[in-house]
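Take a look at the structure below.
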Amino acid sequence: MTEPLLRVRDLKTYFVTEQGSGTARAVDGVSFEVQPGETLGIVGESGCGKTVTSLSILRLIPEPPGHIRPGSVIEFEGRNLLTLEPRELRAIRGNQIAMIFQEPMTSLNPVFTVGDQIAEAAIVHQGLSRRVARTRAIDMLRLVGIADPEERVDHYPHQMSGGMRQRVMIGMALVCHPKLLIADEPTTALDVTIQAQILELLDRLQAELGMAVMLITHDLGVVAGSADRVAVMYAGQVVEQAPTAALFARPLHPYTEGLLASVPRLDAPPAREHGRLHSIPGQVPAATAWPDGCRFHPRCPYAWERCRAEMPPLLDAGGEGEPGTHTVRCWLLTEPRRRTPHP
Amino acid sequence: MPALVDVQGLVKHFPGERALLGLGRPRAVVRAVDDVSFAIAPGETLGLVGESGCGKSTVGRAILRLIEPDAGRVTIDGQDVVALGARPLRALRRRMQIVFQDPYGSLNPRMTVRQMLAEPLAIHRIASGADAQRRIAALLEEVGLDPSFAQSYAHELSGGQRQRVGIARALSVEPHFLVLDEPVSALDVSIQAQVLNLLAELQRGRRLTYLFIAHDLAVVRHIADHVAVMYLGKIVERAPAPALYAGPRHPYTTSLLSAVPVPDPKAQRQRIVLAGDVPSPAHPPPGCPFHPRCPHPKKDARCRTEPPALREVAPGQLAACHFAEQPL
C-alpha cells in the first residue's frame, strides 16, 4: 500500500459548553486514512461530528470553546498538522488542502468580485501578480463550467445563482491544485438537477487533476455514486468503514443497516405496500452525555448487556481485501448469532 | 366521490418592485403561480413537487388564503375559499391547516408546548380549562410525544420533536385538510422516516386529506397517491403516483427522477444532467418554459414558440409536452 496522503489517528475535538453543563465530546477518537487520488465519503447525521472532523483537519476549530486533545494526530504527507507553526500551516491550508462548504452564499464575500476571490489564493500562495492571477481566475471559471468566464470574472456573488456560486467556490478551492479537497455537504443547499451538475463536475475535476477528495455528506445516495470508501460516523466516532461496494452490499453496523433501510428510494417499490417505512427509534444523544458502552445501544434492535457496559473497538469484518479493509464498531462481530432483533 | 379540495386556474403574480427607492423602472411581474389546477379526493394525498422557485409553496399558501390569489377558484369542503369574507374564512380555517418546513422558525420560542397547543383551541372556542388539558395530552400522545413535553419550550426539543409539535398544533382544531410544506426536508434521514410514518398513520386514523409539498421525489413516492410536478409556476405533469414513477411523460419529470442519487453503488443509471439553471419566473422563456434546458432529442421550433397545453396522454396522466407520446 502506498503512503496515505492524510492519516487521522485518535482525533478528539472537545468543546466546553457555555452553560457549563460539561464538555461536548464532538469528535471522540476518530481514525481514518485518505490515499492519494481516492474519494473517502464520510457519512452521518446532524451532530455526529463529521463537520468538526473536517474543521479539525484544517485547524479551523475556534479555541476556546473548542480544543483538540493531546494525543490526536493529523498527518498530511507525514507531517503532523497539529504541531506545525502557524506560518507552516498557512502554506498548506488553502494551497495543498482546500475546502468547500455547504452554503455558497455565506462562504463568498459579497463585496469582492468572484474573480478577486479566486485570484486571492493564487496571489497569497503562489506569488502570482494580479494580472496573471486574474487570467488564472478566468481559467478556473472555465474549468468549473461557467459560461462567458471573461465577463463573469468581474461579477459579484449576488449576481449568480446558487449553482454558479458553488462552482465559484470549487474554482477558489482548486486554484492552487490541492492534493486534498475537503467538500462538506457541497450539494445539500442545491436543487436536485443542480446537485447532479456539481457532482458530475467534482468527478470530472478529480479525474483531471488527480486530487483526493473527502466528501462529507448525510446523503447515502451521494456517497454511493461518488466515493471509493466510506466511513460512517455516529456520536463522535467512526462506527463502520469499508469500500463503498462492500458497505452497501453488506452493512454490518446496526446503525448503517438502519440508516440504509430508512432512506426513501426511487429504485425500490414504496415501503407503503408493506406497511411502514423503516425508521430508527429514538434520536441522537447529546454530545455532552454520550451513552455508556456502545453509543448506539439505546437505539439498537440487537443490544444486550455487553453493549450497555463496554464500548466495542473497531473490529475487523473480514470480507475481500487485506485485514482492516472493512471494520465495524460492534460486538455482533464477536457473536453473530445475536443478529436477531428483539421483539 | 367529489373532491375535498378542488383548485381551478389558480394564479398568483407578485408585482415587480421598483429599483432605487421606487424611482427606477418597475421590474417585471413574477409569475409565481400561473394557471394551476388540481383536485384531491377525501383521504388522499397529492404530492406537489418541484425545485426552488417553481411556485409550489405559493400554491399551498394561496389555496389557504395565507396569501391572496389573483385569480382562480378554490373549493375546500364544498366552500368557495376565494370568495369568503373574513368571518366565514376564519371558521373554515378549522378545516384546513398547514405544517411548515422549518420546525425552528415556526414555533414561538417564548411559549411552552402547552401554550402553543392551547391557543388554537381557545381561538376557535373548542375547549378550555381541564378539557383543553385533556385534549393537549391526547394530541401529544397521538403524535408520539410523552405528555410531559407540554412543559417544554421549543429550544429544548430536537428537530423531529418540534415537527411533531407543529403537526399536533395543526391537528388541534380537527382539520380535514392539511397542507404539508416540506415537512421532513429539515430532518435527518432516520427521523424523516419516523415523521413520514406518523403522517401516514394520522391520515388513516383521521381520514385526512394532504397536499404534500416537497422537492424530494423519493420522499413523495412514499406518501402520495397522485403527484403533480411544477416548473416555473405551471404544472407540467400530473398523474397517479405509480404511473408517474413508472413512466414519466414530461422530459422535466424524467430528468428530475434521473437526478435523484440512489443509495446503491451498483446502480447503472442513465443520469440526465440538465444544463443551466432554472430561468427567472419574472422572465419565463416563450413557448414551452422548459425548452432551454430540455434534453428531448425531438425538440423543435414549436417548443420555442407554442406553449404546450396540459393534456391527457394516458388514462389519468396529464403532461404539458408536445412530445409526450414519445417520452425520453
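All chains are named by letter (A, B, ...) in the order of the sequence lines, taking the proteins before the strands, and each is independently numbered beginning at 1. Owing to the predicted nature of the structure, the values given are computational and were not obtained by experimental measurement.
- Of the inter-residue distances, the one linking A:Leu277 atom CG with B:Leu199 atom CG reads 11.5 Å to the nearest 0.5 angstrom.
- B:His215 contributes atom NE2, which lies 11.5 Å from atom OG1 of A:Thr193 (distance to the nearest 0.5 angstrom).
- Between chain A and the options B:Pro242, B:Ser190, B:Ala275, B:Ala193, heavy-atom pairs under 4.5 Å are most frequent for B:Ser190.
- Across A:Asp191 and B:Glu51, no two heavy atoms sit closer than the pair CB-OE2, 3.0 Å.
- Contact annotation for A:Leu260: only side-chain heavy atoms (C-beta onward) come within less than 4.5 Å of a heavy atom of chain B.
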Checklist entry - Going through the checks in order, is the side-chain contact (heavy atoms from CB on, under 4.5 Å) test met by B:Arg221 and A:Leu266? => result CA-CA 8 Å; B:Arg221 187 178 184 192; A:Leu266 280 178; 4.2 Å; yes
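- The heavy-atom pair separating A:Gln197 from B:Val273 by the smallest distance is CG-CG1, 3.6 Å.
- With sequence neighbours left out, A:Ser226 forms a side-chain hydrogen bond (donor to acceptor under 3.5 Å, both in side chains) with no residue at all.
- If you take CD on B:Gln192 and CD1 on A:Ile280, they are separated by 12.0 Å, rounding to the nearest 0.5 Å.
- For B:Asp264 against A:Ala224, the heavy-atom pair with the smallest separation is N-CB, 3.6 Å.
- Most heavy-atom pairs under 4.5 Å with chain A, from the set B:Ser255, B:Ser158, B:Gly159: that is B:Ser158.
- Atom CG of B:Leu187 and atom CD of A:Gln283 lie 11.0 Å apart (nearest 0.5 Å).
- Between chain B and the residues A:Gly258, A:Ala261, A:Ala245, A:Gly282, the largest count of heavy-atom pairs under 4.5 Å involves A:Gly282.
- Interface residue B:Leu196: only side-chain heavy atoms are found under 4.5 Å from chain A.
- Taking every heavy atom of both residues into account, A:Arg299 and B:Ile191 meet most closely at NH2-CD1, 4.2 Å.
- Interface summary for chain B: among A:Ser279, A:Ala227, A:Pro281, A:Ser161, the most heavy-atom pairs under 4.5 angstrom belong to A:Ser279.
- Across A:Pro264 and B:Ala218, no two heavy atoms sit closer than the pair O-CB, 3.3 Å.
- When each of A:Asp219, A:Leu220, A:Val223, A:Val222 is paired with B:Pro263, the side chain to side chain contact (heavy atoms under 4.5 Å, CB included) condition holds for A:Leu220 and for no other.
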